[in-house]
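Each remark here refers to the structure printed beneath this line.
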Amino acid sequence: MNNQKKILIVGAGPAGLTAGYILAENGYKVEIIEQNSKYVGGISRTEEFKGFRFDIGGHRFFSKSKEINLLWEKILPKNFRTRDRKSRIFFNKNFFNYPLDLIEVIFKLGIIESAICFFSFLKAKIFPIKKPKSYHDWIYNNFGERLYLNFFKSYTEKVWGLSCDDISADWAAQRIKGLNFKEIIFQSIKKIFFKKNKKKIIKTLINQFKYPDYGPGMMWEAARDKIIDNGSKIEMAVKAIKYLYNKTEKKWHVTIQNKNNDEKVIISDIVICSAPMRDVGMAIYPQLKCLEDVKKLNYRDYITVAVLIDQKKIIDDNWIYIHEEKVKAGRIQNYTAWSSLMAPSTEKSCLGLEYFCNKNDKFWNNSDSDLKKIALEDLKLLKIIDINHIIDFFVVRQEKAYPVYDDNYKDIVEKVSNEIENDYNNFYLVGRNGMHKYNNQDHSMMTSILTVENIIYNKAYNRWNVNEDAQYHESDNISKERALTLDSLRFVPKTKN
Ligand SMILES: Cc1cc2nc3c(=O)[nH]c(=O)nc-3n(C[C@H](O)[C@H](O)[C@H](O)COP(=O)(O)OP(=O)(O)OC[C@H]3O[C@@H](n4cnc5c(N)ncnc54)[C@H](O)[C@@H]3O)c2cc1C
């Protein structure tokens, strides 16, 4: 494609910045607008307060795609550290390793409760739910009712604010695929068997991931700098509020608004948009036929209360799931276990208590000082740190952290994507909320990579096929097509047969 065409990118999160990075590297001059006044990186940003840093939840850099790994290394060549994952569940005043370890579960739950769990699993295997529709059904089939009650129900309901009967089985299939009770038993037996050969166990049982020295924001700040060095523009504190398609001109007139509420129209040939599908669908003109449907898409919002501590890191876990109902936090991030540089010195550390809520519900409307009190109460119940060492708290709110997978979402997403692809030209929804998909960074980035390849090389990759395993649609044959060298990231054009 001729690189004089004007391309507007909405959002400077992983999806928007990936699109911008590749286009700018290929000689395109793009304009990126970002509503946040300070940080790039979107949900993958790293916020800073008094020299301490925190993610919006810990952000693992893990991808099955070699191409994404190469792109990460290319953007941030010197600043990755490799981490062994450690995470536990806090339940019934006990910590359980996660993924669950059979011996530990028996030991900590006791013989009677463990036997009940086992027979409940057997019952589920003999009488499975034929067509599992809900999260509850899916977990019942794979673990049995008792383990569901002990280890899945409470955390999941905290995250979604919905009963597990109202959460789609898709979510479980996507997030905990490959893990079931049989697998836990198998892994635990293997662990006993290979007890003497610890190295072998670690290789197979411990997940590893990469993490930038100063958190995920470091990656996206580096991408931003490279985009600007290549002559493109990123405007902060600017929000897209209306997308008008002029059919005669074949151009998009996008109204943007700055923090003083001044408005301006940008005329663009192409729009790559990572803003949430619901916001975008309601702001497209001529209006979508499925406007009433798009309004029904739901999101889950999120607050993290960061805790600044005047003491070395006390626990090794990267994060802890909280299944205890009395504790309001759903999970705790231990940022200094991800990277010691997340605190200003090795003598200090920081945690993040994560709360899942809906914007404007009672919890969201708590003042920052009330949230700090809630976090303090939770820490007292958890007893993982000496609260006398707390220096300060810092509250971070994240709207639309999770696109909700409820009964309607699939049909709505299909309607919206079909309508936008077929009835309007050159408007590409990308990324997590843009496509209303529970994407991690790598998936969000891949949707942009495919979009950009379609634009530059006139390819026909279907980004809606990027799935949760980052195994891109077989028929596109994308992963096989690419040479696994850094040069392949320059996208030497390949013609389609
Ligand atoms: C708690 C939590 C933990 C996570 N952990 C991981 C993890 O361990 N590993 C991992 O890979 N991923 C993780 N993720 C997912 C990861 O955060 C997302 O996949 C990624 O940030 C999505 O990138 P994106 O660019 O599609 O969207 P976003 O990150 O949402 O970025 C979109 C950007 O667009 C901007 N924007 C929105 N609307 C407008 C508008 N109208 N005008 C201008 N700008 C706009 C937003 O401000 C934002 O900066 C996690 C997510 C959460 C919530």
Side-chain angles (χ1 to χ4, degrees), residues 8-20 31-46 54-65 68-69 72 83 85 87 159 175 207 209-212 215-217 219-220 223-224 234-243 254-259 266 271-280 282-284 299-304 318-319 330-331 333 338 352 354-356 396-403 429-448 451 463 466 468 470:
L8 174 69
I9 297 175
V10 180
L17 290 173
T18 299
E31 184 167 357
I32 303 180
I33 55 163
E34 167 54 53
Q35 66 186 5
N36 193 306
S37 57
K38 188 170 175 192
Y39 297 103
V40 292
I43 306 172
S44 307
R45 68 188 180 278
T46 301
F54 352 86
D55 312 0
I56 312 306
H59 270 65
R60 281 189 286 166
F61 282 68
F62 171 81
S63 182
K64 288 183 181 173
S65 158
I68 295 288
N69 282 299
W72 281 336
R83 283 279 166 262
R85 167 191 166 150
S87 58
V159 173
R175 300 310 286 181
N207 280 333
F209 56 85
K210 292 190 288 187
Y211 191 72
M219 163 71 66
W220 302 114
R224 172 199 60 199
I234 303 184
E235 279 188 273
M236 302 299 288
V238 171
K239 185 177 181 180
I241 54 168
K242 185 175 172 185
Y243 311 85
V254 179
T255 307
I256 60 166
Q257 189 179 56
N258 68 14
K259 58 180 173 208
I266 299 181
V271 180
I272 299 175
C273 183
S274 63
M277 184 182 270
R278 188 176 70 193
D279 297 359
V280 178
M282 287 164 66
I284 283 194
Y299 301 87
R300 187 78 168 146
D301 307 294
Y302 166 102
I303 295 176
T304 190
N318 300 106
W319 64 89
R331 197 170 53 186
Q333 294 295 334
W338 295 70
E354 302 179 81
Y355 298 94
F356 308 96
V396 182
R397 291 165 196 266
Q398 177 63 49
E399 286 181 31
K400 299 190 176 73
Y402 299 90
L429 287 168
V430 292
R432 176 169 166 117
N433 284 336
M435 299 172 76
H436 204 86
K437 273 198 168 189
Y438 199 83
N439 283 337
N440 271 338
Q441 292 174 99
D442 57 340
H443 313 127
S444 306
M445 293 167 70
M446 189 48 89
T447 62
S448 284
T451 303
R463 68 191 177 290
V466 173
E468 65 274 10

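Whatever order the structure lists them in is the order used to number ligands and atoms, beginning at 1. It should be emphasised that the depicted structure is a prediction, and the values quoted were computed from it without experimental measurement. When reading the values below, keep in mind they use all heavy atoms of this one structure, side chains included, and skip hydrogens, waters and symmetry mates.
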| query | When only distance counts, is Y402 in polar contact with ligand 1, meaning an N/O pair under 3.5 Å? | reply | no
| task | Examine E34 against ligand 1 and note whether any of their N/O atoms are separated by less than 3.5 Å. | result | yes
| query | So, does P216 sit close enough to ligand 1 that a heavy atom of it is under 4.0 Å from the ligand? | reply | no
| said: I'd like to know if atom 44 (N) of ligand 1 has any protein heavy atom within a distance of less than 4.0 Å. | reply: yes
| query | V238 near ligand 1, heavy-atom distance under 4.0 Å? | reply | yes
| field | M435 side chain near T447 side chain, heavy-atom distance below 4.5 Å | value | yes
| task | Considering only non-hydrogen protein atoms, determine which one is nearest to atom 19 (O) of ligand 1 and report residue, atom name and distance to 0.1 Å. | result | N439 O, 2.7 Å
| query | At the 4.0 Å heavy-atom cut-off, does R331 count as touching ligand 1? | reply | yes
| remark: Of Q35, R300, R432, H59, the one whose closest heavy atom lies nearest atom 17 (O) of ligand 1 is H59
| request: Answer yes or no: is there a side-chain heavy-atom contact under 4.5 Å between R85 and F209? | output: yes
| query | Polar-atom distance check: G58 versus ligand 1, any N or O pair below 3.5 Å? | reply | yes
| request: Flag S44 as yes when one of its N or O atoms lies below 3.5 Å from any N or O atom of ligand 1, and as no otherwise. | output: yes
| field | Backbone of V10 reached by a side-chain donor or acceptor of S274 within 3.5 Å | value | yes
| Has the side chain of H443 got a donor or acceptor atom that lies under 3.5 Å from a matching backbone atom of Q441? | no
| note | Heavy-atom proximity to atom 53 (C) of ligand 1, picking from S63, G434, P14, A401, points to A401
| Validation row: Y438, R432 side chains within 4.5 angstrom (heavy atoms) | yes
| message | Please list the nearest protein heavy atom to atom 42 (N) of ligand 1 with its residue and the distance rounded to 0.1 Å. | response | A240 N, 3.0 Å
| note | Ranked by distance from atom 29 (O) of ligand 1, the top protein heavy atom is I43 N, 2.8 Å
| task | Check whether any side-chain heavy atom of R397 lies under 4.5 Å from a side-chain heavy atom of D301, and answer yes or no. | result | no
| field | Polar atom proximity, N440 to ligand 1 (N or O, under 3.5 Å) | value | yes
| field | Min side-chain heavy-atom separation K210-N69 under 4.5 Å | value | yes
| field | Min side-chain heavy-atom separation V238-E31 under 4.5 Å | value | no
| Closest non-hydrogen protein atom to atom 8 (O) of ligand 1, residue and atom name please, with distance? | R60 N, 2.6 Å
| Between F62 and W72, is the ring centre distance below 6.0 Å? | no
| query | Who's the nearest protein heavy-atom neighbour of atom 22 (C) of ligand 1, and how far? | reply | S444 OG, 3.4 Å
| message | Using modelled atom types and a 3.5 Å cut-off, is there a donor and acceptor pairing between side-chain atoms of Y299 and backbone atoms of R278? | response | yes
| field | Y302 side chain to G57 backbone, donor-acceptor under 3.5 Å | value | yes
| said: Y302 versus ligand 1: do any nitrogen or oxygen atoms come within less than 3.5 Å of each other? | reply: no
| query | For atom 25 (O) of ligand 1, which protein heavy atom lies nearest, and how many Å away is it? | reply | A15 N, 2.8 Å
